[in-house]
Amino acid sequence: MAQITVDVRQLQAFAEVGYQVAGGGGAHGAMAALRRVVPLDAYEFVAYDPATGRHHSVVSDGHPRIDGDAAEEYAGLAAYRKAIATRAPVPMPEPDTERYFRRHLAPYGWRAGLTAPLFLREGRYTGLLHLASRRRSRGSRARWWRRSARCWRTSPT
């Protein structure tokens, strides 16, 4: 049986996420609550349109600019296909993401990122969540990014 350990600060933030979503705060409210415990400077929710087979940005904060072709370019990466197949997030920069990172993240000051595929409970793919940081992942921040990627991989769907 898997064991999950959270401290009081994390538990409060996760509860606040639920309150924000239920109370109409939506994605911005939920992400503001998460920022208290998750080391991120920016986020972007990308929706997948099954009718067109294309991705598009729907909600973001912290980005000075989001390239119009970034979501579609990411969807063409081997890292994206692996993330969809394993339902695991992809840390950046990592193998298969370096060129994308240099083109869409590094020019705007981002030093680290994590992209997670999003699925509904019944299994339908709905899009992506991109997280970005201006600080290089070292120490506790690096451990958090790696631990998040590992936990996400082993979480039941």
Side-chain angles (χ1 to χ4, degrees), residues 2-6 10 13-14 17 26-28 30-157:
Q3 180 179 354
I4 299 172
T5 305
V6 295
Q10 291 170 321
F14 294 136
V17 168
H28 288 300
M31 294 307 288
L34 278 180
R35 279 183 164 154
R36 286 189 263 155
V37 294
V38 175
L40 65 101
D41 297 311
Y43 65 86
E44 176 192 18
F45 285 94
V46 175
Y48 173 72
D49 181 355
T52 64
R54 297 185 55 86
H55 292 81
H56 63 279
S57 180
V58 289
V59 168
S60 67
D61 184 54
H63 290 282
R65 175 184 167 180
I66 295 175
D67 297 332
D69 64 339
E72 282 304 304
E73 183 176 329
Y74 186 84
L77 298 177
Y80 165 82
R81 291 187 295 279
K82 181 179 177 185
I84 296 300
T86 62
R87 295 188 177 203
V90 175
M92 289 189 277
E94 289 289 318
D96 298 326
T97 66
E98 295 97 344
R99 182 172 178 239
Y100 175 88
F101 189 86
R102 283 193 311 269
R103 182 166 182 242
H104 296 288
L105 297 170
Y108 305 111
W110 303 116
R111 305 288 299 247
L114 186 75
T115 299
L118 303 172
F119 294 87
L120 294 177
R121 178 169 278 141
E122 71 267 12
R124 185 169 61 91
Y125 170 68
T126 60
L128 301 162
L129 171 60
H130 295 293
L131 306 176
S133 174
R134 291 195 185 283
R135 294 164 287 222
R136 187 165 299 279
S137 295
R138 289 195 179 112
S140 63
R141 181 178 289 261
R143 283 189 297 277
W144 182 88
W145 289 99
R146 283 191 305 272
R147 188 172 52 243
S148 294
R150 251 193 336 271
C151 290
W152 215 318
R153 268 188 211 105
T154 59
S155 294
T157 54

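We use all heavy atoms of the structure for the numbers below, so side chains are in, but hydrogens, waters and symmetry mates are not. These figures come from a predicted structure and were not determined experimentally.
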Nearest 0.5 Å, please: how far is [atom2] in [Y] from [atom1] in [X]?
X	Y	atom1	atom2	value
Ser133	Leu40	OG	CG	8.0 Å
Thr126	Leu118	OG1	CG	5.0 Å
Thr115	Leu131	OG1	CG	7.5 Å
Ser60	Leu129	OG	CG	11.5 Å

*Compare all side-chain heavy atoms of Met92 with those of Leu105 and state whether any distance is below 4.5 angstrom.*
yes

*Once the angle between the rings of Tyr125 and Tyr48 is folded into 0 to 90°, is it parallel (under 30°), tilted (30 to 60°) or perpendicular (over 60°)?*
tilted

_Show me the pairs that pass side-chain hydrogen bond (donor to acceptor under 3.5 Å, both in side chains) and involve residues 88-103, at least two apart or across chains._
Asp69-Arg103, Glu73-Arg103

*Taking all atoms of both residues into account, what is the closest heavy-atom pair of Pro117 and Leu128, and its distance?*
CA-CD2, 3.8 Å

*Which atoms form the tightest heavy-atom contact between His55 and Val46, and what is the distance?*
CB-CG1, 3.6 Å

_Those residues that, when tested against Arg54, pass side chain to side chain contact (heavy atoms under 4.5 Å, CB included) (two or more places apart)_ = Thr52, Glu72

*Report yes or no: is the cationic atom of Arg87 (NZ for Lys, CZ for Arg) closer than 6.0 Å to the six-membered ring centre of Phe119, at no more than 45° off its axis?*
yes

*asked:* Taking the ring centre of each residue, are His130 and Phe45 less than 6.0 Å apart?
replied: no

_His104 and Trp110 aromatic centres sub-6.0 Å_ = no

